[in-house]
2 protein chains.
Amino acid sequence: MTDRPTPPNRRPLTLRDVSEASGVSEMTVSRVLRNRGDVSQATRERVLEASKELGYVPNKIAGALASQRVNLVAVIIPSLSNMVFPEVMTGINEVLDETPLQPVVGVTNYKPEREEKVLYEMLSWRPSGVIIAGLEHSDASKAMLKAAGIPVVEIMDTDGEAIDACVGISHRRAGRKMAQAILKAGYRNIGFLGTKMPLDHRARKRFEGFTEALAKEGVEIADREFYEGGSALAKGREMTEAMLKRTPEIDFLYYSNDMIGAGGLLYCLDQGIDVPGQIGLAGFNGVELLDGLPRQLATMDACRAEIGRAAARIIADRSAEDGEAGGGERIELSPKIAAGDTLKRR
Amino acid sequence: MTDRPTPPNRRPLTLRDVSEASGVSEMTVSRVLRNRGDVSQATRERVLEASKELGYVPNKIAGALASQRVNLVAVIIPSLSNMVFPEVMTGINEVLDETPLQPVVGVTNYKPEREEKVLYEMLSWRPSGVIIAGLEHSDASKAMLKAAGIPVVEIMDTDGEAIDACVGISHRRAGRKMAQAILKAGYRNIGFLGTKMPLDHRARKRFEGFTEALAKEGVEIADREFYEGGSALAKGREMTEAMLKRTPEIDFLYYSNDMIGAGGLLYCLDQGIDVPGQIGLAGFNGVELLDGLPRQLATMDACRAEIGRAAARIIADRSAEDGEAGGGERIELSPKIAAGDTLKRR
DNA sequence: TGCACACATGTTAGCGATAAAGTGAAGCTT
DNA sequence: AAGCTTCACTTTATCGCTAACATGTGTGCA
């Protein structure tokens with residue numbers, strides 16, 4: 001009786017402890033704990049009880065090594081703070097909750113070198129799949145993803161070459177669509193406001209699609225402004241003020257995200273500007289926040305939760321399928337414009 | 001030459017592959033890759049090159065099992081979508097980035113049974129430490145945490161018994177402080193608006209502290225309203241409208257978070273209510289969003305990033321310290337009121 | 001009675017890394 | 001020149017678990 005089995009026990013518990021406590025082999029304990037193979041009801045109960053009594057928590061590290069199976073899905077996203085990725089995560093969770101898989105999140109802050117590091121770190125845990133935002137990655141990252149030999153789903157964006165599967169929307173098309181809607185409403189002097197971040201490829205693509213569609217109608221961006229850091233809402237205000245002062249003939253403001261769009265809207269309302277009569281406004285994303293604004297900002301839903309769900313489903317299906325399969329799935333969702341109250345020329 | 005070493009290789013790479021490719025033992029490769037022990041410059045380079053060439057990614061599962069060391073820190077939080085936890089994460093990352101430790105996030109959605117499951121799952125990976133939100137946990141969760149034999153830091157809240165270390169603010173005191181400030185400003189007909197969630201213990205404690213401090217001055221809450229789900233901004237509007245209609249004599253509204261507070265503020269401004277003359281407003285948290293509002297909402301900073309930093313530092317210190325040590329640290333930060341523009345009786 | 005056959009359990013051999021101990025050659029010391 | 005170190009590796013024995021196979025044991029059927 002060197003040490004009692006219950007609390008003062010310091011050495012971490014192993015299967016052996018449970019097996020000794022319940023008088024069966026380690027293998028049987030393992031079987032019980034994983035609900036696998038034939039075990040009689042009697043021993044099952046005995047083992048379960050012993051296990052609970054001791055407070056045993058299986059060591060997945062050993063389990064994963066032995067079984068060559070890791071029920072983790074690496075999810076690599078640029079940021080948690082802008083509302084869009086938490087919603088993707090919700091979608092992912094929704095689907096994975098019904099599988100043995102578990103998401104593990106890594107955040108890159110839009111920096112390729114961090115992405116590389118995070119990816120390396122995650123792959124070293126040999127996950128069952130990777131869900132990663134964007135189609136743009138460093139060569140090293142791409143090489144790792146290809147070499148990993150596991151399902152890879154690139155999300156959010158479909159404008160480009162995917163490594164394996166891909167789920168998202170075409171941001172270029174989204175930009176075009178918005179441009180068309182704005183032109184159709186009769187606006188002609190259009191300003192663009194967005195993030196400075198050269199590494200936010202999706203914002204860039206939206207901008208490209210936007211200007212392209214305008215150009216097709218012979219319209220050119222009247223002014224543009226980019227910001228970096230700080231409160232997006234406040235920046236939206238400031239930028240809007242600056243732009244309207246600099247280019248008073250502006251009659252429409254297209255924001256690269258809803259948050260700065262909301263700031264702009266608040267500014268316009270403060271100034272007594274007639275929205276959407278004098279100036280129209282539109283953002284991008286369809287964030288929940290907009291519901292509480294004094295006026296509904298025009299925006300475009302990016303299908304975030306659905307992207308998460310679809311991506312998770314691909315991983316789940318592929319890692320369940322016994323007879324291998326899948327690969328190269330490509331799902332392009334179509335975002336819809338919500339015109340709200342700020343995109344209606346009288 | 002059954003299979004070429006480069007891309008068409010399907011079997012996952014191991015140390016052995018690298019060791020064969022570079023002509024040294026697996027052990028030496030391991031040393032090189034971990035920068036440990038004596039290795040000559042020449043072999044080091046040879047190994048590194050072979051490793052890169054093959055695209056080898058070490059298997060941490062095997063490494064962790066062999067070394068009994070896992071450089072993961074489990075971070076368990078209720079939600080990602082309310083702005084507060086992402087900021088805590090930022091603080092945690094800031095500190096852990098300079099250590100070999102890596103955070104792994106689990107989300108509980110404020111449900112104790114999910115907390116239990118997530119915790120079990122994470123502990124089964126034998127992390128080096130746990131950072132977990134709140135002091136209220138199921139008995140089973142507490143038992144697991146105690147039995148794990150690793151540093152545990154409970155964050156956000158200091159009103160209660162901690163299992164091990166604890167970093168946060170006293171929400172009860174925060175509620176009291178706000179009540180005192182409101183009374184001092186001369187308001188007497190105070191309404192409270194918050195979440196329905198009975199499991200948000202911190203909101204509850206704030207409420208308790210708040211009413212307690214009011215009671216001490218003989219003041220009672222004039223009205224209260226709770227919500228659930230939906231856009232917080234929109235809910236703030238609706239609830240404010242409802243309350244002001246129901247209890248017109250209200251002269252102050254205390255919101256349990258800034259988001260609904262912002263909704264209330266927008267509503268009041270829409271209605272042409274004199275803020276803070278006729279009605280004063282205050283929220284809680286100090287979210288960045290507030291900077292862009294037409295008027296600065298009074299609030300109280302919850303020290304979120306600092307909490308994250310302090311918690312991470314405790315874990316980092318303890319898992320670095322060679323001669324063991326630490327345990328039971330307790331850090332109570334003091335939130336400060338930011339009066340903004342909505343808590344000034346003329 | 002004997003044999004196949006499902007059930008309930010036990011045994012053996014790794015999984016891919018690392019800790020710890022071992023080895024041989026060169027360099028110093030006195 | 002024997003003895004002690006140091007250096008630069010290699011060898012061996014796990015880590016805690018699971019896959020795969022081996023072993024009993026009672027049943028049903030011919």
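Protein chains get the first letters and strands the later ones, always in sequence-line order, with residue 1 at the start of each.
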Got a list of side-chain donor-acceptor pairs under 3.5 Å for residues 102-111 of chain B, not counting sequence neighbours?
unit_1	atom_1	unit_2	atom_2	d
Thr108(B)	OG1	Tyr110(B)	N	3.2

Sorted by position of nearest nucleotide on DNA chain D, 5' first, the leading residue of Leu65(A) and Ser40(B) is Ser40(B)
When rounded to whole Å, the CD1 to P distance for the pair Ile61(A) and dG16(D) reads 10 Å
Hits for salt bridge (Lys or Arg N to Asp or Glu O under 4.0 Å) against Arg34(A), two or more places apart or cross-chain, chain-then-number order -> none
Asp38(B) CG to dT5(D) P, in whole Å, measures 17 Å
- Glu116(A) and His137(A): side chain to side chain donor-acceptor pair (under 3.5 Å), yes or no, with the steps? CA-CA 8 Å; Glu116(A) 214 171 294; His137(A) 314 289; over 6 Å; no
Electrostatic pair Asp38(A)-Arg44(A), nearest N-O below 4.0 angstrom: no
Of dC17(D), dG16(C), dA19(D), the nucleotide closest to the side chain of Met27(A) is dA19(D)
- Using a strict cut-off of less than 4.0 Å between a Lys/Arg side-chain nitrogen and an Asp/Glu carboxylate oxygen, indicate whether Glu113(A) and Lys117(A) qualify as a salt bridge. no
Taking only N and O in the side chain of Arg36(A), is any of them less than 4.0 Å away from OP1 or OP2 of dT18(D)? no
Intra- and inter-strand pairing of DNA chain D, written as dot-bracket with Watson-Crick and G-U pairs under 3.5 Å and | for the latter, reads ||||||||||||||||||||||||||||||
Regarding the side chain of Ala66(B), the nearest nucleotide among dC15(D), dT18(D), dA8(C) is dC15(D)
Of all heavy-atom pairs linking Met122(B) and Pro127(B), the shortest is O-CD, 3.3 Å
**Report entry** Residue-phosphate contact under 4.0 Å: Arg46(B) side-chain N/O, dA8(D) OP1/OP2
**Finding:** no
Checking only heavy atoms, does the side chain of Arg31(A) share a donor-acceptor pair with the base of dG10(C) at less than 3.5 Å?
yes
* Asked: Can a side chain N or O of Thr14(B) be found less than 4.0 Å away from OP1 or OP2 on dC15(C)?
  -> no
Exactly one candidate in Ile163(B), Leu119(B), Val152(B) meets side chain to side chain contact (heavy atoms under 4.5 Å, CB included) with Lys142(B); the answer is Ile163(B)
Leu15(B) CG to dT11(D) C1', in whole Å, measures 15 Å
Atom CG of Leu33(B) and atom P of dA17(C) are separated, to the nearest Å, by 9 Å
Rounded to whole Å, the CZ-C1' distance (Arg126(B) to dC17(D)) equals 11 Å
**Report entry** N or O in side chain of Ser25(A) less than 4.0 angstrom from dT11(C) OP1/OP2
**Finding:** no
Quiz item: Quick one: is Gln68(B) getting a side-chain N or O under 4.0 Å of the dA17(C) phosphate, OP1 or OP2?
Solution: no
When rounded to whole Å, the NZ to C1' distance for the pair Lys60(B) and dC15(D) reads 17 Å
Arg44(B) CZ to dC7(D) P, in whole Å, measures 14 Å
- Message: On the nucleotide dT9(C), are OP1 or OP2 found under 4.0 Å from the side-chain N or O atoms that Thr28(A) carries?
- Response: no
Query - Thr43(A) side chain near dT9(C) phosphate (N/O to OP1/OP2, under 4.0 Å) - result: yes
Do the side-chain N or O atoms of Tyr56(B) get closer than 4.0 angstrom to the phosphate oxygens (OP1, OP2) of dA17(C)? yes
Note to self: Donor-acceptor pair, distance only, cut-off 3.5 Å: does the side chain of Asn93(B) make one with the backbone of Met89(B)?
What the structure shows: yes
Rounded to whole Å, the CZ-C1' distance (Arg16(A) to dT14(D)) equals 13 Å
By nearest-nucleotide position on DNA chain D, the 5'-leaning member of Glu26(B) and Ala62(B) is Glu26(B)
| query | Should Arg69(A) be listed as having a side-chain N or O under 4.0 Å from OP1 or OP2 of dA19(D)? | reply | yes
